[in-house]
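The block underneath contains the structure these notes are about, expressed in structure tokens.
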Amino acid sequence: MNECSKELVKRYLEFHVSKSFDTLRYYKSALETFMEYFPDKSWDNITVDDALYFHNNYRFSRDGRLVSERTRIRRLRDVSRFYDWAVKYNYLLSNPIKLCVESLRIPKQEEAQALSEEQVNLLLSKITNYEYYVFTLFLLCTGVRIRELSNLTLKDCDFKDRTIFIREGKGMKDRYVFMNDELYYHMRGYIDKIRTYRNPKTDNFFVSLTGRAIKEYYIDKYRCYLNNLSEDMGFEVRPHKLRHTFGTMACQKGMNVEILAKIMGHSDMRTTLKYLHSSKEVRKNEYLRVMNNDFLQKD
């Protein structure tokens, strides 16, 4: 798209600067992905046919992964949201794809995919990079988002109380997560074996090779490492899947759902209940508890 169209996207992102880093990054990615399909057009001459073309041809992400129907529709909804903003503030006259996007039905979301206990054990046994081992263990034991991991500071970690303060998580909300024995041991190990020797120049807990706060490229390297392991193990592992795994396993172990919601930073309890209801083991155990307790007792 032309420079005027790119400038409008820049203004849109600046307008939403109060949103989280991850949300802005997602908005930017959605609009840039759409614009890549129409290099010779501008926002004011996009048509319904263009929206359908994008929907039918957007099949692979930039890193080569297959794009789901759900993702294609969400991308178009992101573009439609941008158009609504541009019309509201008189940058554009109309939203040419609104009716088309509203007619597309997002498929029912599948149950949140989580690793099994056997897969978790295999994953941890395969990680030979100690720093990435600590990253993975941290995500599995706390359920935090990857951006929250990278923003963690040393003063946010209370090793005496074994609590971790997550500052300004999604929705700019603060919360606490906690360390079990294994995580406590390896977070101490990270400080002694890695952080101290990198001559840290920041208060961030996790630091780069040069001792600075880890940036997006550093996280992308970790994602690539997990992708390579995924190919070797035969099942997909991504940072957010580790968060799903924490939520699912916590439900399987019987954690109070209200407490779990606070730990995971969910503002809507229904989000947490998905972990409870999506866990086959939880459903099975509850079924057996009821059905094996003289359910068909005869007088």
Side-chain angles (χ1 to χ4, degrees), residues 20-22 25-26 28-29 32-33 60-68 71 112-154 156-157 164 166 169-170 177 179-180 182-202 204-250 264:
S20 71
F21 175 87
D22 285 338
R25 184 167 176 260
Y26 183 84
K28 184 172 184 287
S29 175
E32 287 182 346
T33 299
F60 295 93
S61 63
R62 291 176 177 176
D63 58 6
R65 286 186 296 178
L66 187 66
V67 174
S68 68
T71 298
Q113 295 298 307
L115 302 178
S116 67
E117 193 167 340
E118 292 77 13
Q119 288 174 330
V120 167
N121 291 332
L122 177 60
L123 169 63
L124 292 175
S125 71
K126 291 283 187 179
I127 300 176
T128 56
N129 181 310
Y130 185 66
E131 180 173 35
Y132 291 165
Y133 183 92
V134 178
F135 285 4
T136 305
L137 191 67
F138 191 92
L139 296 174
L140 282 169
C141 293
T142 64
V144 303
R145 303 171 180 89
I146 188 66
R147 180 57 49 189
E148 294 167 343
L149 176 148
S150 65
N151 290 339
L152 186 71
T153 66
L154 196 60
D156 292 332
C157 302
I164 302 167
I166 302 300
K170 188 174 182 180
V177 297
M179 309 176 204
N180 62 5
E182 187 175 7
L183 182 58
Y184 171 86
Y185 173 81
H186 286 291
M187 287 182 69
R188 283 290 194 185
Y190 178 87
I191 293 175
D192 296 337
K193 299 175 183 178
I194 296 180
R195 191 179 191 279
T196 300
Y197 291 96
R198 289 182 176 176
N199 189 24
K201 303 169 183 64
T202 175
N204 283 64
F205 185 88
F206 296 106
V207 296
S208 67
L209 296 175
T210 57
R212 294 178 171 82
I214 59 176
K215 301 295 184 182
E216 192 60 35
Y217 79 92
Y218 207 86
I219 296 174
D220 284 341
K221 287 175 63 178
Y222 172 57
R223 288 193 178 100
C224 288
Y225 186 87
L226 292 180
N227 284 338
N228 291 334
L229 285 181
S230 298
E231 294 178 3
D232 180 48
M233 295 183 297
F235 54 86
E236 185 185 42
V237 181
R238 293 177 289 109
H240 207 67
K241 194 167 189 176
L242 300 178
R243 174 173 163 84
H244 288 321
T245 300
F246 168 80
T248 301
M249 294 183 73
M264 298 193 74

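Numbers here simply count residues along the sequence, with the first being 1.
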The reported gap from OG in Ser230 to CD in Gln119 (rounded to nearest 0.5 angstrom) is 10.0 Å
Any side-chain heavy-atom pair from Leu242 and Leu123 closer than 4.5 angstrom?
yes
Please say whether the positively charged group of Lys215, taken as NZ for Lys or CZ for Arg, lies over the ring of Tyr218, i.e. under 6.0 angstrom from the six-membered ring centre and within 45 degrees of the axis.
no
So do Met187 and Cys157 actually touch side chain to side chain, heavy atoms under 4.5 Å?
yes
Arg223 side chain to Pro239 main-chain N or O, any donor-acceptor pair under 3.5 Å?
no
Taking Thr245 for its side chain and Ala114 for its backbone only, find out whether a donor-acceptor pair lies under 3.5 Å.
no
Identify the heavy atoms of Thr142 and Ile164 that sit nearest to each other, and give their distance.
CG2-CD1, 4.3 Å
Which word best sums up how the rings of Tyr222 and Phe135 line up, parallel for under 30°, tilted for 30 to 60°, or perpendicular for over 60°?
perpendicular
Any idea which heavy atoms bring Arg25 and Asp220 closest together, and the distance?
NH2-OD1, 4.2 Å
Is the backbone of Asn204 close enough, under 3.5 Å, to the side chain of Arg195 for a donor and an acceptor to pair up by distance?
yes
Could you give the distance from CZ (Phe205) to CG (Leu154), rounded to the nearest 0.5 Å?
6.5 Å
Heavy-atom count check: over 12 atoms from other residues, nucleotides or ligands less than 6.0 Å from Tyr185 OH?
no
Between Tyr225 and Thr128, is there a side-chain heavy-atom distance shorter than 4.5 Å?
yes
So do Leu122 and Leu115 actually touch side chain to side chain, heavy atoms under 4.5 Å?
no
What's the separation between atom CD1 in Ile166 and atom CG in Asn151, rounded to the nearest 0.5 Å?
9.0 Å
Looking at Phe206 and Leu152, what are the two nearest heavy atoms and their distance?
CE1-CD2, 4.2 Å
Can you tell me how far NZ of Lys201 sits from OG1 of Thr210, rounded to the nearest 0.5 angstrom?
6.0 Å
Assess the residue pair His186 and Phe138 against the criterion (ring-ring contact (aromatic ring centres under 6.0 Å, His included)); give the C-alpha distance rounded to whole Å, side-chain angles, the decisive distance to 0.1 Å, and a yes or no.
CA-CA 9 Å; His186 286 291; Phe138 191 92; over 10 Å; no
Arg198 and Glu131 ion-paired at < 4.0 Å
yes
Within the side chain of Asn121, is there an N or O that forms a donor-acceptor pair under 3.5 Å with the backbone of Glu117?
yes
Show the numbers, then the answer: is there a side chain to side chain contact (heavy atoms under 4.5 Å, CB included) between Val207 and Tyr190?
CA-CA 10 Å; Val207 296; Tyr190 178 87; 4.1 Å; yes
A side-chain contact here means heavy atoms from C-beta on lying under 4.5 Å apart; do Leu226 and Thr136 qualify?
yes
What closest approach, in Å, do Leu124 and Tyr133 show between heavy atoms, and which atom pair accounts for it?
O-CE1, 3.5 Å
Any donor-acceptor pair under 3.5 Å linking the side chain of Lys241 with the backbone of Glu236?
yes
Nearest 0.5 angstrom please: Leu137 CG to Met179 CE, how far?
12.0 Å
What's the shortest heavy-atom distance between Thr202 and Gly211, and which atoms?
CG2-O, 3.5 Å
Calculate, to the nearest 0.5 Å, the distance between atoms OG1 and CG belonging to Thr196 and Asp192 respectively.
6.0 Å
